[in-house]
There are 2 protein chains.
Amino acid sequence: MAAHTESRRDASDRRQAILDAALELFAERGFHGTAVPLVAERAGVGAGTLYRYFESKEALVNALYRSWKAALASSLFEGFPTDLPPRALFGECYRRLCRFAVEHPRAFTFLELHHHAPYLDAQSRACDELVLRPIRDLAEQARHALALKDLAPELLMAVVYGAVVGLVRAAEAGHLPMPLEEALRQAEPVVWEAIRR
Amino acid sequence: MAAHTESRRDASDRRQAILDAALELFAERGFHGTAVPLVAERAGVGAGTLYRYFESKEALVNALYRSWKAALASSLFEGFPTDLPPRALFGECYRRLCRFAVEHPRAFTFLELHHHAPYLDAQSRACDELVLRPIRDLAEQARHALALKDLAPELLMAVVYGAVVGLVRAAEAGHLPMPLEEALRQAEPVVWEAIRR
DNA sequence: CCAAACGGAACGAACGTTCATTCCGCTCGC
DNA sequence: GCGAGCGGAATGAACGTTCGTTCCGTTTGG
């Protein structure tokens, strides 16, 4: 029975190795630009083995997307301190998002790159709501508390999220004179002043 | 000679039809996700004909990228009013960028999607500087005039550009409760307050 | 307690398909 | 009628996926 458990852990490791390899390659070269045997090689498994763990290349990219969307959601909301004044609430969201982007740059790039890609299925699309809805609610709250500009929360969210993505991409392109982490820290008050009333 | 001119215009139309078809398809499905014969069909030419105008698929995407980067640069800078106070200078840049995004949404998406793609050659990368440098200079100027926050211009540019991209993508995804043009108009003071001193 | 047989996971060569690119018969303007 | 330019079938490479085989941990009969 110990042996059985061990073999199951091996399988889980293998599956994870494939997901890790796919993350790197899909983030760097895109879905269509990445050959399945290359993913297998990077993961240290045979090409056929990959199909024991995922039904198809599409199933793989969907599993990867869902897994990282869930990770992002938990980074954002796990143990979130609810009763904070609006500025601190924003700071908490912002820093949690940035922490995710700094700790998992490939995952952040991957999620951004594959947002609304045609090969993502309905269930993967639904994961987006998991992240968007709670933030939208927070923004709506803060807006009614007269802490945010009197504009659609979706607009303010797009500005904030877009600014973070812009910084991550600028850092990737080597366009920033400082490390990404420092840029994101400096940008917090910048972005807050954008959306505050 | 009129005939010669006319046949040359025909050829130029064909080339343009191919570029237009490629823009739509590359923006929607990505470079690797788009088959060359599909581009040809959409352009209303034979698959072989495409190769009379472009050496390869890579040459096509590079020509497309350069052409639209140049169009963006000219939209931004053509007849730019130089001596304006900082706020008006920002407004001019911002509205010109937004006008381009609204008038050529596919081109905007395409440029964003293919930014720093591995199949773009050095000359295409160099086109980025064409857009970035003048804006960087303007930002540096405004910063020394104490109109902008005392942060790296590259950081502020990334925030502004990122915010615009964020709005465009949110509109594409149907996440905004108003048309893109209206959202961009509402976002101008939002973004200005982000970067102003 | 050992060895022989089993079961299923892993491998990677091989399959059919689809791709980018080429090539050649054809058309059409001069 | 002739040559430049076109179309789309042809081509070979590369793709996603499958399949026959190998390999190893476990079971089982002696």
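Throughout, a chain's letter reflects where its sequence line sits, starting with A, and its residues are numbered from 1.
Partners of B/Glu112 by salt bridge (charged side-chain N to carboxylate O under 4.0 Å, His left out), not counting sequence neighbours, listed by chain and number: A/Arg169. Taking B/Glu172 as the reference, nothing meets the salt bridge (charged side-chain N to carboxylate O under 4.0 Å, His left out) condition, with sequence neighbours excluded. Partners of B/Arg42 according to the side-chain hydrogen bond (donor to acceptor under 3.5 Å, both in side chains) rule, which considers only residues two or more places apart in sequence or in another chain, are B/Glu24. Taking the salt bridge (charged side-chain N to carboxylate O under 4.0 Å, His left out) definition, one finds that A/Lys57 meets it with nothing, sequence neighbours left out. Legend: residues meeting side-chain contact (heavy atoms from CB on, under 4.5 Å) with B/Phe77, ordered by chain and number and at least two apart, are B/Ala73, B/Pro134, B/Ile135. Scanning for salt bridge (charged side-chain N to carboxylate O under 4.0 Å, His left out) contacts around B/Arg197 gives an empty result, with sequence neighbours left out. Partners of A/Glu182 according to the side-chain hydrogen bond (donor to acceptor under 3.5 Å, both in side chains) rule, which considers only residues two or more places apart in sequence or in another chain, are A/Arg185, A/Gln186. Legend: residues meeting side-chain hydrogen bond (donor to acceptor under 3.5 Å, both in side chains) with A/Arg52, ordered by chain and number and at least two apart, are absent.
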Discussion item. Checking B/His32 against B/Tyr119 for the ring pair (Phe, Tyr, Trp, His ring centres under 6.0 Å) test, could you report, in this order, the C-alpha distance in whole Å, the side-chain angles of both residues, the deciding distance, and whether it holds?
Written reply: CA-CA 10 Å; B/His32 290 298; B/Tyr119 37 80; 5.6 Å; yes
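For the pair A/Ile18 CD1 and D/dT17 P, the computed distance is 13 Å after rounding to whole Å. In this structure, A/Arg15 atom CZ and C/dA10 atom C1' are separated by 17 Å, rounded to whole Å.
Applying the side chain to side chain donor-acceptor pair (under 3.5 Å) rule to pairs touching residues 132-148 of chain A yields A/Arg136-A/Glu140, A/Arg136-A/Glu154, A/Glu140-A/Arg143, A/Arg143-A/Asp150, sequence neighbours excluded.
Between B/Arg14 and the phosphate of D/dG5, there is no side-chain N or O to OP1/OP2 separation shorter than 4.0 Å.
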Taking N or O atoms only and anything under 3.5 Å, show me the protein contacts with nucleotides 14-18 of chain C, one pair per line.
none

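Contact check of residues 55-68 of chain B against DNA chain C (heavy atom, cut-off under 4.0 Å) returns B/Ser56, B/Lys57. DNA chain C lies under 4.0 Å from at least one heavy atom of each of the following residues of residues 45-53 of chain A: A/Val45, A/Gly46, A/Ala47, A/Gly48, A/Thr49, A/Arg52, A/Tyr53.
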